[in-house]
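Keep in mind that what you see is a predicted model, and the values were worked out from it rather than measured.
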Amino acid sequence: MFEEKNVYQFISDMVDPFSEENGKKMILMLHLAQPPPCILFIFADVIKRTSDRVLNMSDGLHDFGAVRWELALCLLLAWVVVLAVLAKGIKSLGKVVYFTALFPYIILLALFIRGVTLDGASDGIYYYLTPQWDRLADSTVWSDAATQVFFSLSACSGGLILMASYNKFDNFCLRDALIVPIVDCLTSFFAGLVIFTVLGFMAHQKGVSIDEVARGGPGLAFIAYPEAISNMPAPTVWAILFFFMMLIIGFSSEFSIMETVMASFIDEYAFTLRKNWRNSAIFRITVCMSFYLLALPMTTRGGFYLFELVDNSISGFPLLFVGLFECIAINWIYGYNQFADDIEMMLGKRPCFYWRFCWSFFTPFVLFVVIVFKAYQYEPLTLEDYEYPDYGLALWWLICLFPILAIPTVFLFKYIPRRQLGVRTLMKPTLEWGPAFEENRRGTKYERIKNPIYGKTNLSFVHDDQSDTNYLNSKLSNEPPPSYQESTRM
């Protein structure tokens, strides 16, 4: 006699229910159980939909196949939402972010309360809170941790700088700089706790260890966790809440990243893109359409291989190198003292020694060590049992190196036309560099400029563009510029 619960129990006990071996077992069990035709139809439909429409991956990167119109339409809908939210820039984004930032906390709290009441939740929490000290010797762990912090905080990708630029000049940024990472880290910790309560329940149901049910990457969110939710009471409700939360979190990150890209170009070419609302709207539509077309190959049967390649290449070396270059550029090229003067203008006081030690020494050192160990322990990219071909690995390196090489490329682009001035001179800020409004130009830095007692040394840390022009002209005519030494050097 057919018992529906036995079939459901069989499926829930399988670690990978959609493998070829387990698929054969499922068909055999359904045949021996002799269920009603309607049940057979339901299971066949579920299996077909899941394998053909969700897990319908090709054999590798070489076989992209055709674009799957369902995914292409979903991708198009996502970009339409992004465009609608960012249509007016920060004005429209600021209203939406109240919901996208707060709603996930409500869902996480609800999932946590439900998760701790499940059998096996304590095992999951114990596994989550038990450190594996031997993993500290693995550079991948340090790289992944640094990458997660960078991505979660939008550090080294422009998001923080963009959002902070909309604050008032004298905003108490020190408070924000402490609150944001603390709340972010606590949120990540709490989210992990929520996940592992359910994974503990899932391992308890299957009678296996948590290692066997915990998956990394997209598999955790889209395979392991939904499978655990399906075994909960009222699974549909929890599935809707969970995936809606995932959707909101994804959109929230996308909004910040895309506004950073758009605002950067708009600020750089403000004379055209800020001329009127029409130019700005056309630009934003063009950017969204371009990124949609770039992402379209990922909606093919081989798209997941490309997605994993791009995601893995961007989230490793590039962020680490950008973070290292930022620390060097600000604290050692621009100069920590000048940076401290800028902070004094905003906060009314200079940063303490702790911040100087972190920015100038500790953070660059940690990033450098992580980069070295990550390079030393480099292993070619794989996706489970699939090994990427040579051209896939070459594409991985090209994507990885592009944002890194952009930094010296821009430097050479700016330096070569004015190389006669010398590197040291060009690295000094111009006289115009500073706050946009004159009333904000205060503090030690501008006292040195305005106070006559400093004499000729009052401009030792700046140079002006007119002096650069005079110097270039003198180089061409072989005549020494009379005012260059006084205006640009000590």
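Ring geometry, Phe321 versus Phe317: the interplanar angle falls from 30° to 60°, so the pair is classed tilted. Using the six-membered ring where Trp is involved, Trp397 and Tyr378 have ring planes that are tilted, between 30° and 60° apart. The aromatic rings of Phe265 and Tyr269 sit parallel, their planes meeting at an angle under 30°, below the 60° perpendicular limit. By the 30° and 60° cut-offs, the orientation of the rings of Tyr128 relative to Phe189 is tilted.
Put simply, the side chain of Phe99 reaches to within 4.5 Å of the side chain of Ile248, judged on heavy atoms. The shortest distance between side-chain heavy atoms of Phe339 and Trp359 falls below 4.5 Å. Proximity of Ile106 to Leu102: side-chain heavy atoms (C-beta onward) are nowhere separated by under 4.5 Å. When side chains are defined from C-beta on, Arg284 does not count as touching Met289, because their heavy atoms never get closer than 4.5 Å. The shortest side-chain heavy-atom distance between His62 and Tyr391 falls under the 4.5 Å cut-off. Contact check for Leu71 versus Leu75: no side-chain heavy atoms found under the 4.5 Å cut-off. Pro380 is not listed as a side-chain neighbour of Glu387, based on a closest heavy-atom distance of 4.5 Å or more. With contacts defined as side-chain heavy-atom distances shorter than 4.5 Å, the pair Thr299/Phe307 does not qualify.
Among all heavy-atom pairs drawn from Leu367 and Gly323, the shortest one is CD1-C, 3.5 Å. When every heavy atom of Pro104 is checked against every heavy atom of Thr100, the shortest pair comes out as CD-O, 3.2 Å. Pairing each heavy atom of Gly159 with each of Ser256, the nearest pair is CA-OG, 4.2 Å. Residues Ala72 and Val67 share a closest heavy-atom pair of CB-CG1, 3.8 Å.
Counting heavy-atom neighbours within 6.0 Å of Phe402 CZ, excluding the residue itself, gives a total of 12 or less. Around the CG atom of Asp59, the shell of radius 6.0 Å holds no more than 12 heavy atoms that belong to other residues, nucleotides or ligands. In this structure, Tyr292 places its OH atom where more than 12 heavy-atom neighbours from other residues, nucleotides or ligands lie under 6.0 Å away. Other residues, nucleotides and ligands contribute only 12 or fewer heavy atoms inside 6.0 Å of the CG atom of Asp390. Within 6.0 Å of atom OH in Tyr336, more than 12 heavy atoms from other residues, nucleotides or ligands are found, so the atom counts as buried in its surroundings.
A side-chain donor-acceptor contact under 3.5 Å links Gln338 to the backbone of Tyr334. Remark: side-chain polar atoms of Asn279 are not paired, donor with acceptor, to backbone N or O of Lys275 under 3.5 angstrom. Looking at Arg356, its side chain never comes within 3.5 Å of a backbone N or O of Phe353 through a donor-acceptor pair. No donor-acceptor distance shorter than 3.5 angstrom exists from the side chain of Ser58 to the backbone of Phe64, with no hydrogens or angles considered.
Note: Phe361 and Phe365 fail the aromatic proximity criterion, with ring centroids not under 6.0 Å apart. For Phe244 and Phe242, the gap between ring centers reaches or exceeds 6.0 Å.
Separation of atoms CD1 (Ile404) and CD1 (Ile371) is listed at 7.5 Å; rounding is to 0.5 Å. Interatomic distance, Arg350 CZ to Ile343 CD1, rounded to the nearest 0.5 Å: 9.0 Å. Considering CD1 of Ile282 and CG of Asn276, their distance stands at 8.0 Å, rounded to 0.5 Å. Atom CE in Met298 sits 8.5 Å away from atom CG in Leu309 (nearest 0.5 Å). Atom CG in Leu395 sits 7.0 Å away from atom CG in Leu306 (nearest 0.5 Å).
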Go through Ser157 and Ile257 one step at a time and tell me if the side chain to side chain contact (heavy atoms under 4.5 Å, CB included) criterion holds. CA-CA 8 Å; Ser157 59; Ile257 294 172; 5.8 Å; no
What do the steps show when you test Leu241 against Met245 for side chain to side chain contact (heavy atoms under 4.5 Å, CB included), and what is the final call? CA-CA 6 Å; Leu241 292 176; Met245 179 192 70; over 6 Å; no
Kindly indicate, with the supporting measurements, whether the criterion side-chain hydrogen bond (donor to acceptor under 3.5 Å, both in side chains) is fulfilled by Tyr305 and Asp63. CA-CA 10 Å; Tyr305 297 101; Asp63 182 16; over 6 Å; no
Check step by step if side chain to side chain contact (heavy atoms under 4.5 Å, CB included) holds for Ile285 and Leu83. CA-CA 7 Å; Ile285 293 173; Leu83 178 60; 3.9 Å; yes
Chi angles and distances behind the side chain to side chain contact (heavy atoms under 4.5 Å, CB included) call for Trp332, Ser360: CA-CA 7 Å; Trp332 294 100; Ser360 302; 4.1 Å; yes
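Ionic pairing of Lys374 and Glu379 is not present here: no N-O contact between side-chain nitrogen and carboxylate oxygen is shorter than 4.0 angstrom.
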